[in-house]
Amino acid sequence: MNNLIKVGMAELKVAKSPQIIRTSGLGSCVGIILYNEKAKVSGLAHIMLPDSSCARAGVLNRAKYADTAINDLIQLLGKEGVSSCLLKAKIAGGAQMFKFSSKNESMRIGPRNVEAVKEILCRLNIPVLFEDVGGNMGRTIEFNPATSILEIRTVSKGLVQV
């Protein structure tokens, strides 16, 4: 299937109809779909962490962090002629994959990722039309820019389309 665009962990890519865009392995990570229904263009970022300020010295992978990945995805979509004021969002992931006895905030990576994504999208006036976040299960998501349908696959729920 050469119309399938695969997005790996800490990556972001853009897809145009008739392409479909997919990412797997969303545990505590969050998959962010930004799209424009009329233009039939979408972008997907597979973020791992909420904020690039926690990055170690060296080369910064901007797709790894919510604060930088969302801005970069908006710029990529802009290069495809999509105005940021016309974008909508769907998000999935942010699970708490492991139980910790500690209440340490740094162990709540999934919930912190979801909070960061929502805050950034709210600040940018991009509405989140659907979310499937939290819980303790991994997800695979696939988005079709032609139909604006997001498919979410989990072991416990099977396939859900929204």
Backbone of Val7 reached by a side-chain donor or acceptor of Thr23 within 3.5 Å
yes
My understanding is that only residues two or more places apart in sequence, or in another chain, count here; which of them pass salt bridge (charged side-chain N to carboxylate O under 4.0 Å, His left out) with Lys118?
Glu131
Identify whether Ile149 and Leu34 are in the same connected component of the hydrophobic contact network (ILVMFWY, side-chain heavy atoms under 4.5 Å).
no
Are Leu121 and Leu73 co-members of a hydrophobic cluster defined by side-chain heavy atoms under 4.5 Å apart?
yes
Using the side chain to side chain contact (heavy atoms under 4.5 Å, CB included) rule, take Lys13 and Gln19 through it: C-alpha gap first, then chi angles, then the decisive distance, then the call.
CA-CA 12 Å; Lys13 295 181 182 173; Gln19 296 171 320; over 6 Å; no
Looking only at heavy atoms, which two atoms of Ala15 and Pro145 are closest? And how far apart?
O-CG, 3.9 Å
Where at least one partner belongs to residues 9-29, residue pairs that pass ring pair (Phe, Tyr, Trp, His ring centres under 6.0 Å), sequence neighbours excluded
none
Step by step, would you call Ile33 with Phe130 a side chain to side chain contact (heavy atoms under 4.5 Å, CB included)?
CA-CA 10 Å; Ile33 300 284; Phe130 177 82; over 6 Å; no
Walk me through it: do Leu87 and Leu124 pass the test side chain to side chain contact (heavy atoms under 4.5 Å, CB included)?
CA-CA 10 Å; Leu87 290 174; Leu124 295 170; over 6 Å; no
At what distance, to the nearest 0.5 angstrom, does CE of Met9 lie from CG of Asn61?
11.5 Å
Grab the two heavy atoms, one from Gly25 and one from Thr140, that are nearest each other, plus how far apart they are.
N-OG1, 4.2 Å
Rounding to 0.5 Å, atoms CG (Leu12) and CD1 (Ile32) come to a distance of 9.0 Å
Interatomic distance, CG@Asp132 vs CG@Leu150, rounded to 0.5 Å, equals 8.5 Å
Only one of Arg22, Lys6, Gln161 passes side-chain contact (heavy atoms from CB on, under 4.5 Å) with Glu142; say which it is.
Arg22
Group every Ile, Leu, Val, Met, Phe, Trp and Tyr by side-chain heavy-atom contacts under 4.5 Å, then state whether Val30 and Leu44 land in the same group.
no
Side chains of Val82 and Val14: closer than 4.5 Å at any heavy-atom pair?
no
Among residues at least two apart in sequence or on other chains, which ones pass salt bridge (charged side-chain N to carboxylate O under 4.0 Å, His left out) with Asp67?
none
In short, salt bridge (Lys or Arg N to Asp or Glu O under 4.0 Å) pairs touching residues 29-54 with sequence neighbours left out are Glu37-Lys88
Kindly write out the residues that satisfy side chain to side chain contact (heavy atoms under 4.5 Å, CB included) with Met137, not counting sequence neighbours, or none if the list is empty.
Arg139, Thr154, Ser156, Lys157
Lys90 side-chain N/O to Ser148 backbone N/O, donor-acceptor pair under 3.5 Å:
yes
Atom CG in Asn113, atom SG in Cys29: separation rounded to 0.5 Å?
7.0 Å
Smallest separation among heavy atoms of Gly43 and Leu77, with atom names
N-CD2, 3.8 Å
Closest non-hydrogen atom pair, Val117 against Ala66:
CG2-CB, 4.0 Å
Indicate if Val114 and Val160 have the same hydrophobic cluster label, given that clusters are the connected sets of ILVMFWY residues with side-chain heavy-atom separations under 4.5 angstrom.
no
Asn136 side-chain N/O to Ala95 backbone N/O, donor-acceptor pair under 3.5 Å
no
Salt bridge (charged side-chain N to carboxylate O under 4.0 Å, His left out) with Lys16: which residues, sequence neighbours excluded?
Glu80
Given the rule in the side chain to side chain contact (heavy atoms under 4.5 Å, CB included) test, do Ile141 and Leu26 qualify, once you have shown the distances and angles that lead to the verdict?
CA-CA 8 Å; Ile141 62 172; Leu26 291 173; 3.9 Å; yes
What closest approach, in Å, do Pro111 and Gln96 show between heavy atoms, and which atom pair accounts for it?
CD-OE1, 3.3 Å
For the hydrophobic clusters of this structure (ILVMFWY residues joined by side-chain heavy atoms under 4.5 Å, transitively), does one cluster hold both Val41 and Phe143?
no
Rounded at 0.5 Å granularity, tell me how far CD in Glu11 sits from CE in Met48.
11.5 Å
I need the single residue from Asp72, Thr68, Asn71 that forms a side chain to side chain donor-acceptor pair (under 3.5 Å) with Arg62. Which is it?
Asp72
Could you state the interatomic distance from OG1 (Thr147) to OH (Tyr35), rounded to the nearest 0.5 Å?
10.0 Å
